[in-house]
Amino acid sequence: MPKEGLPGVGMKFPPQINRATGRFVTSSYEESVKESVYLILMTQRSERFLRPDFGTNLMSYTFMDINATTVSMMIRSLREQITKQEPRVSNVQITTDSEVRDGCLMIEIDYVIRDNNTSDSLVFPFYLEESAEEEAYEPEQYEEELE
């Protein structure tokens, strides 16, 4: 049962099965919020048929010339979408590296969880030249955690 005043428990993303119990692995509290923010970032707007406003337009910046104006537009859009779609967070601050390394722009998202006033952050690698299907999570990472 969730503790009073904390943001709750939900199914872990990406979905995983606990080998010992055969049940879905859950994430709780701050981890659930972080996974929710990641899911918002990885979902392209209009990708979900029943929730066309869910997600961001982050993938539309792939292959674009990254300059100060483009990065500012991207940051503003991401901040608005995260604040709108994740009601458990406030004070969303987004920063990026000043330079692109190996076709990757590192996006750091700092936020405060409203219920317990805890600060947390998520570093999201945005690949400018790779396919849109590439994800930051590696399957081998989760197999090690389950053991």
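- Side-chain contact check for Phe124 versus Leu58: some heavy-atom pair is nearer than 4.5 Å.
- To the nearest 0.5 angstrom, Ile113 atom CD1 is 9.0 Å from Glu86 atom CD.
- Between the side chains of Asn116 and Glu30, at least one donor N or O sits under 3.5 Å from an acceptor N or O.
- Note on Glu80 versus Lys84: no salt bridge recorded, every NZ/NE/NH1/NH2 to OD/OE distance being 4.0 Å or above.
- A donor-acceptor pair shorter than 3.5 Å can be found between the side chains of Glu35 and Ser27.
- The side-chain contact (heavy atoms from CB on, under 4.5 Å) with Ile109 is formed by just one residue from the set Ile40, Leu41, Leu78; it is Leu41.
- In terms of modelled atom types and a separation under 3.5 Å, the side chain of Thr43 and the main chain of Leu39 share a donor-acceptor contact.
- Considering only heavy atoms from C-beta on, Ile17 comes within 4.5 Å of Phe24 through its side chain.
- The main-chain N or O of Thr70 is found under 3.5 Å from a side-chain atom of Asn67 such that the two form a donor-acceptor pair.
- Nearest heavy atoms, Arg101 versus Asp97: NH1-OD2, 3.0 Å.
- Note that SG of Cys104 and CZ of Phe126 are 9.5 Å apart. Values are rounded to the nearest 0.5 Å.
- Side-chain polar atoms of Ser119 and Asp110 form no donor-acceptor pair below 3.5 angstrom.
- With rounding to the nearest 0.5 Å, the separation of CG in Asp102 from CG in Leu105 is 12.5 Å.
- In terms of heavy atoms, Val123 sits closest to Pro125 at O-CD, 3.8 Å.
- Between the side chain of Ser77 and the backbone N or O of Met73 there is no donor-acceptor pair closer than 3.5 Å.
- In terms of heavy atoms, Asn18 sits closest to Ala20 at OD1-N, 2.8 Å.
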Report the C-alpha separation of Asp53 and Gln85 in whole Å, then their side-chain angles, then the decisive distance to 0.1 Å, and conclude whether the side-chain hydrogen bond (donor to acceptor under 3.5 Å, both in side chains) test is met.
CA-CA 9 Å; Asp53 291 335; Gln85 297 174 38; over 6 Å; no
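- At a threshold of 4.5 Å between non-hydrogen side-chain atoms, the residues Ile94 and Arg76 do not count as touching.
- One N or O on the side chain of Arg114 and one on the backbone of Pro87 form a donor-acceptor pair closer than 3.5 Å.
- With hydrogens and angles disregarded, a donor-acceptor distance shorter than 3.5 Å links the side chain of Lys34 to the backbone of Ser121.
- You'll find the side chain of Val89 stays beyond 4.5 Å of the side chain of Val112, heavy atoms only.
- Residues Thr56 and Gln81 approach most closely at CG2-CB, 3.9 Å, considering heavy atoms.
- When all heavy atoms are compared, the tightest approach of Glu31 to Lys12 is OE2-NZ, 2.5 Å.
- Using modelled atom types, one finds a donor on one side chain and an acceptor on the other under 3.5 Å when comparing Asn91 with Gln93.
- In the hydrophobic cluster analysis, where Ile, Leu, Val, Met, Phe, Trp and Tyr join through side-chain heavy atoms closer than 4.5 angstrom, Met106 is grouped apart from Tyr127.
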Might you work through the side chain to side chain contact (heavy atoms under 4.5 Å, CB included) test for Val33 and Ser36, ending with a clear yes or no?
CA-CA 5 Å; Val33 173; Ser36 177; 5.5 Å; no
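- Ion pairing between Arg88 and Asp115 fails under the 4.0 Å rule for side-chain N and carboxylate O.
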